[in-house]
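Atoms within a ligand are numbered from 1 in the order they appear, just like the ligands themselves. In this text, all values refer to a predicted model and were calculated from it rather than measured experimentally.
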Amino acid sequence: MTSARIIGTGSYLPERVVTNHELEQLVETSDSWIRERTGIRERRLVGDDQSCGDLGRIAAQRALEAAGCRGEEVDLIVVATCTPDRIFPSTASALQHSLGLRPGGAAFDVSAACSGFIYALSVADRFIRTGGASRALVVGAETMSRIIDWEDRGTCVLFGDGAGAVVLEAGEQPGVLSTHLHSDGRHEPLLYVPWGPGQGYAALESQGGYIRMRGNEVFKVAVNTLTRIVEDTLASAGVDKSQVDWLVPHQANIRIIQATAKKLDLAMDRVVVTVGEHGNTSAASIPIALDTAVRDGRIQRGELLMLEAFGGGFTWGSALVRY
Ligand code: COA
């Protein structure tokens, strides 16, 4: 049976580092509060001359290099982002061209907030398993700093910019074993951006285009939902939690990550944690964490990975992957 195997990973964090101490100059907060409540030490911010697509392109180039794969061999690109450069063409179409991917292949963006990468991976996996693509680039890229109200201490300390990518290849060896996607739109008021172009530009003035969040309530739902989906994923795959080698979670908050790891009985040294270095990069966070642990040699070929994410919508999802 054909499966989609990860043959290369890449990531990119923009150069500008913003420490918690710098944020103390902007809003009433402290380095110790941010570290204790979130685990975040610093985040990266996109340069004035950079866009979301630029971050995604560098991450994707690194993934292609790691895969030893030429652009024209890729016949599908899916980009997960909630901060695209343009309304259209999609960020994926722009990257298809700038990366020299096969013209005429499929290219589209997926919007599922912080769960976007899992959604994009799931879609690409289904394309590959059903013969719709032979090699796919799955990218998570975000410029969250551009939709943050830098006067709102409840959100501005949490987010950052970055991108990550994986190359998937069709083959007989096991790769993505299963993916699980969910959404429940009833929770929209807890985490959302009030404006989008469908409302017309007059509404931008009154609504504002920045993230709004009731953090405490999001936290509780996130912990409950993620522990449930991790259990459901294992049960549906017939896998015992002791068989999971690595948890590669969405990097929103160290306390949410710790709660999920506890549910899996996984020691924290089997959990990939990068949130301290870049904050919540939304759809980019899982491929950044994955690439970090692949490149530093923690994640080895043949190991079993549990990927999971939770975000605005609410959306949530997981993927069980044989690396
Ligand atoms: N610095 C200092 N104090 C802050 C602060 C900041 N940056 N942000 C909020 N506070 C204050 C609050 O105003 C509140 O003060 P009060 O008690 O005087 O009203 C106090 O800290 C506690 O606020 P609360 O919201 O209950 O804190 P918390 O322990 O829940 O931590 C978050 C806040 C945002 C860190 C936490 O709720 C969280 O991480 N939620 C999930 C957010 C998330 O990951 N969203 C994305 C999901 S993909």
Requested in this report: Would you check the N or O atoms of Asn253, main chain and side chain alike, for any that come under 3.5 Å of an N or O of ligand 1?
Outcome: yes

Query raised in the report: Heavy-atom contacts under 4.0 Å between Val157 and ligand 1: side chain, backbone, both, or neither?
Result: side chain

Report summary line: For Glu28, the atoms of ligand 1 under 4.0 Å from one of its heavy atoms are 1 (N), 2 (C)

Query raised in the report: To which protein heavy atom is atom 4 (C) of ligand 1 closest, and what is the distance rounded to 0.1 Å?
Result: Trp33 CZ2, 3.3 Å

Query raised in the report: Any N/O of Thr38 closer than 3.5 Å to an N/O of ligand 1?
Result: no

Query raised in the report: Does ligand 1 have a heavy atom under 4.0 Å from the side chain of Arg255, from its backbone, from both, or from neither?
Result: side chain

Query raised in the report: N/O of Gly215 under 3.5 Å from N/O of ligand 1, yes or no?
Result: yes

Query - Top protein contact for atom 27 (O) of ligand 1, by heavy-atom distance - result: Arg37 NH1, 3.2 Å

Requested in this report: With heavy atoms under 4.0 Å as the rule, classify the contact between Asn280 and ligand 1 as side chain, backbone, both or neither.
Outcome: side chain

Report task. May I ask you to list the atoms of ligand 1 that are less than 4.0 angstrom from any heavy atom of Met213? Result -> 42 (C), 43 (C), 45 (N)

Query raised in the report: Do NZ/NE/NH1/NH2 and the carboxylate oxygens of Arg5 and Glu169 come within less than 4.0 Å?
Result: no

**Report entry** Geometric N/O contact His250 with ligand 1, under 3.5 angstrom
**Finding:** no

